[in-house]
Amino acid sequence: MTYDPDNIFAKILRDEIPSIRVYEDEATLVFMDIMPRAPGHVLVIPKTPARNILDASPEQMATVMATVQKLGHAVTKAFDADGVTIQQFNEAAGGQEVFHLHFHVLPRHLDVGLNPPRVMGDMDELQSNAAKIQAALG
Ligand code: AMP
């Protein structure tokens, strides 16, 4: 399996398609999931190419996980969450749909289930949730 440089997240990294960016550093980018399973659902990706954990380098994993943890704290604060769910899928058989390594970070509340999959988020709500997370990041 090889990395396709025209996958949708590579296009987001190159600003060829729009996204709601929340945070970035030298090695990672965070943006809102366009079909959020919970308010505040973000995706964390490396800026360098990797399909998933099966071809990622230890350095890519380490930098991405540091950002996953940072966003875990931020979404908890921003949404007064009781917990955080981290999801990550590898290859089609593992549930992956976009083939650039990414981690889902979802703030969770006790006894509140996830939203149904594949439902487009409201753009104003996504923007407002991004602003809340940015405020929590300080
Ligand atoms: P998966 O590869 O199974 O983790 O699923 C890909 C995820 O990317 C899904 O949660 C989609 O809602 C999300 N997604 C797909 N296209 C975009 C996009 N253009 N901007 C933000 N999120 C996206």
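Please read all numbers here as calculations on a predicted model, not as lab measurements. Note that ligands are numbered from 1 as they come in the structure, with each ligand's atoms numbered from 1 the same way.
A donor-acceptor distance shorter than 3.5 angstrom exists from the side chain of N7 to the backbone of D4, with no hydrogens or angles considered.
Not a single heavy atom of F99 sits under 4.0 Å from any atom of ligand 1. Ligand 1 lies out of reach of I20, whose nearest heavy atom is not under 4.0 Å from it. Between Q88 and ligand 1 there is no heavy-atom distance shorter than 4.0 Å. Taking a 4.0 Å cut-off on heavy atoms, H104 registers as neighbouring ligand 1. At least one heavy atom of G95 sits under 4.0 Å from some atom of ligand 1.
Remark: K77 engages no residue in a side-chain hydrogen bond (donor to acceptor under 3.5 Å, both in side chains) (not counting sequence neighbours).
Using a 4.0 Å cut-off between charged side-chain N and carboxylate O, R21 and D15 make a salt bridge.
Among protein heavy atoms, atom 9 (C) of ligand 1 sits closest to D33 OD2, 3.5 Å. If you check which protein heavy atom lies closest to atom 8 (O) of ligand 1, you get F9 CZ, 3.4 Å. Among all protein heavy atoms, the one lying closest to atom 1 (P) of ligand 1 is H102 NE2, 3.3 Å.
In terms of polar-atom proximity, defined here as any N/O pair under 3.5 Å, V98 does make such a contact with ligand 1.
Under a 4.0 Å criterion applied to the non-hydrogen atoms of E97, ligand 1 contributes the atoms 1 (P), 2 (O), 3 (O), 5 (O). Near F89, with a cut-off below 4.0 Å to any heavy atom, the atoms of ligand 1 are 3 (O), 4 (O). Of all the atoms in ligand 1, the ones that sit under 4.0 Å from a non-hydrogen atom of F31 are 21 (C).
N129 approaches M32 most closely through the heavy-atom pair CB-CE, 3.9 Å. Closest approach of L13 to P46, counting heavy atoms only: CD1-O, 3.8 Å.
A 6.0 Å sphere centred on CZ of R14 holds more than 12 heavy atoms belonging to other residues, nucleotides or ligands.
Two rings, from F31 and F9, have their centers less than 6.0 Å apart. Not less than 6.0 angstrom separates the ring centroid of H102 from the ring centroid of H100.
Across N90, I8, I34, heavy-atom proximity to atom 21 (C) of ligand 1 is greatest for I34.
When the side chains of ILVMFWY residues are joined at heavy-atom separations under 4.5 Å, either directly or via intervening members, L54 and I45 end up in two distinct hydrophobic clusters.
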